[in-house]
Amino acid sequence: MGFTDEQKSHIEEEIMKTVIAALKEGKVTEAELPQISDFVLEKIDTLQTQEDVIVFLAQLTGRWPIFSNLNTIEVGKVHELTEKEVTASVLSLARNGRIDEALHLAKTVTHS
Amino acid sequence: MANPLDSKDVIAGAVIERPLPGSHLTSEQKATKRLQEALQAQGAKKAIEAMGLTPVPEDRIKNAIENNVNYTHDNKGERKRSTAEKDTVRDMSQKAEVANKYLQEGFDKLNPADQVNLRTVVEEEIKKSFPEAHSILGTLGAGKDAVLDNMLKDPAFARFLRQRLESATDPSNKLPEISALLRTRLNEAKAKSDAAERERKRAQDDLDLTDATRNKWLEIDPDTGVKGVKLDELDTLKAARPAKETDLANKTVELDQAKDDLAITNARLERMIRVNPTDPDIPTVQGEKTNKQTRVRSLSTDIARIQTDIHQITELENQKNALEETRRTQQKALDEATLAKAAAEREKIEAQIEIDDINIDRQRTQTAFEDKMGHLFEGATQDYLTQRMEKVEAERQKLIDEDKGKETDDRVKAFKTQLQKRWNEDSSMKYKLKKDVVNADFDSLMNEGPSGPIKSLLRDAGVTNPDQFLKDNPSFLENNQSDVVNAIVSKKLQTGKLSEADAQHIVDSPWGATAIQDALSKNSELKPVIDHLKGEKVIKNNKDLLKWILIILAGIITAGAVPVGLAAAGVLPIIAANPIAAAQVAGATGAAVGGGGALVSQLKK
C-alpha cells in the first residue's frame, strides 16, 4: 500500500504540532530542533509504503520520545487502513465466489 | 481513532499565533513563536525546514571562541590576550554573529552590507569550485544577485551553514593547555640549570686561576710566550746540576782532606804545647791551624750552597707537581659541573620541547578554528552544491542500473558499470571526480569523437578488442554515444572550464547535436526551462547559447529531471530547482538572442 502526498502532509503537520507542544512544555530544547529537522527532511521524502512510515515513526520516537503518541496513533491508523483494504478485498473475493482466497486473505489480517 | 494530540489545549494553541508573556522570551519561547508563524503562514513542510534554521546557542559560540583563540595566563592564573588575539576574538565573534543572525532571521533580515558581503563570498566560492558555473553567472547581469539570493534564502543552504557553525564550535575542540605541572617542571629545570651553570663557572674560575699561576711561574704563558720565572730558575738549576754535583763531589773530598789536614795540625799544635809551651813555632802552627779552619768552613759553606741549589730543583719540581695536582682536581670539578649543567639543560630542553609541542598544537588548533569560523558560508556553499551533485549522480547511477537490468549481454553490462564508476573517486564519502580521467576522456572525445572514450570504456569493461566489438555490434556506438558524450561533458563541466573552441567543436559535431537531441527527448521537463531561457532572452548571443547548451547538456545526462540536471553542472541551482525563480532571473536580462545553426534549431523545436 502506497504512502500518499496527503498522508505525508498530515504526518508533517502532526510532527510540527508535537514539536511546538513539546517546546512549550519544556520537553524539547531549541538545540534539538535542527537534528529533528534534518532527520525528518532526510527521511520523509523517501517514504513510499505504509511499512516505511511505520519504520520512520519508530526511528523518530526512538530518538525523541516526544513523538511516542504520534507514533502510536499513526501506526494504529496504518493498521486500520490496512484492515479496511483487506476487508474490502475479502468481501470482493467472497462476492465473486472465491471463498478460499477470501478466507486466506482474512487470516493474514487476523494473524498480524 | 481520535487523535489525543488534537484534544489537548496546548496543541490547539500551538498552531494559533498568540503573544507569549514577558518581553524577554527564552530561546524556546522564541523558537515556539517562530515555528507557530511558519506553520500558519507556510505550512508544515516549511515549518520543519524552519526548525533547521535554529541558531547555534550563544554560549556554545562564546565558549568555542574563548577556548580556541590563543591566550596566556597572568600571575593570578587568569587568561589574558594580546591586542592581536583580542582582534581575532572580535573577528570570530562577528563572523559567528552574522551566521547566527542569518540562521535566526534569514538572509533578508541581514543588513545590506552583510548581504553584499555574503553574495560575494558565495560567488567567490562558486568561482573557485565551479568555474564554469561562475562564468555563466557572469552572463546574467543583475540577475546574478537574484540567483545568489535565492541560494542564500534556501533552507537547505541554511542547514548546511548551521552544520558548519556547529562543527566549528564543537565543544570538544579547544586549545590544549600547558599544565601547571609542566610549567613548574620547566621553571625547576631552569633554576637547576642556572645553579649548575654558576657552579661550573666557579670551577672554571678556579681552574683559570691555577692555570694563570702555573703559566706565570712554571710554564710558558700560551698567550704571551713568556717563560715563567720559576721555570726559568728551574731550567737554569737543572742545566747547572751536573756541574754542581761534580763540584759537590770534589768539594766533599776537599772538605774531608781539609778536615783531616786540620786534625793533623791540631794534633801537632797540641803536642807542641804539651812539650814546650813556649816553643817559638807555636804561633806559626796556630796560624796554619786558623787557615785550615777557614778552609774547612769555606768548603762547608760551598757544599751547603751547592746542596741548597740542588735541593731547590726538587723544591721547584714539587711545587710544580702540587700545582698540577691542584689543577687536575679542579679540572675534575669543572668536568663534573659541566656534566651537571648539561643534565640540567637537557631537562630544561625536554620540558621546553613539550611546551613547544603544545604551543604548536595550540597554533594548529587555532588555525583550524579560524579557518572553519572564517569560511562558514564558503563551506556551506560547497556542501550545498556538492549535495546537489550527489543527488544528480545518484539519479544517474539509478538510470544506468535500470538500463543494465534490461541488458542480457554481460559485456554491455560491464560497459555500463564502467559508465557508472569510471569518473568517480571510490574512496571518498563525498561525491568527487577523478579529474585526470575526466580530462583524458574529454581530450579523447575532442580528438576522436565518441568512439575514442567508448573504446576506453569497453577496454576497461574487459573487451579485449573494442574495434572488433564495435564492428560486430554496429548499433552499439549509436545507442551509447549520447550517454557517453553527455557524461564526459557533464564531468568536465563539474571539474573545470570548457574552452570556447571545445564548446564550438561539440556543438558543431554530429555526435554533439545528437547528444543534445537525445537529452532533450529524454527529459520532457527540460523544455520549460529552455523556453524560459529563450523567451526571456537570457541567452544574449552565440557564445551564451553555446555555454547554456553545454550546461544543460551536462545536467540532462546526469539526472532524470531537468532541475536536478542543471544543478549537477554546479550552475544556477536555484533556477534549476525552481522554474519560477528561473523566470525571475531570466527577466533581469534583456539582450537579444543571438546565434544560429543546428543547435539553435534543436532548441527551438
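Since this is a predicted model, take the numbers as computed values, not measurements. In what follows, chains are A, B, ... by sequence order, proteins preceding strands, each numbered from 1.
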Just list the side-chain donor-acceptor pairs under 3.5 Å for residues 373-382 of chain B, sequence neighbours left out, or say none.
{"from": "B/His375", "atom 1": "ND1", "to": "B/Asp371", "atom 2": "O", "distance (Å)": "2.7"}
{"from": "B/His375", "atom 1": "ND1", "to": "B/Asp371", "atom 2": "OD1", "distance (Å)": "3.2"}
{"from": "B/Thr381", "atom 1": "OG1", "to": "B/Phe377", "atom 2": "O", "distance (Å)": "2.7"}
{"from": "B/Gln382", "atom 1": "NE2", "to": "B/Glu125", "atom 2": "OE2", "distance (Å)": "2.7"}

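For a residue to count as touching a neighbouring chain, one of its non-hydrogen atoms must lie under 4.5 Å from one of that chain's; by this rule A/Val19 touches chain B with the side chain only. Interface residue B/Glu49: backbone and side-chain heavy atoms are both found under 4.5 Å from chain A.
The pair A/Glu14-A/Lys17 meets the salt-bridge criterion, with a side-chain N (NZ, NE, NH1 or NH2) lying under 4.0 Å from an Asp/Glu carboxylate O. Electrostatic pairing of A/Lys43 and A/Asp38 does not count as a salt bridge here, judged by no charged N lying under 4.0 Å from a carboxylate O.
Listed options A/Val40, A/Ile44, A/Thr29 were ranked by heavy-atom pairs under 4.5 angstrom with chain B; first place goes to A/Thr29.
Between the A/Asn71 side chain and the A/Phe67 main chain, no donor and acceptor come within less than 3.5 Å of each other.
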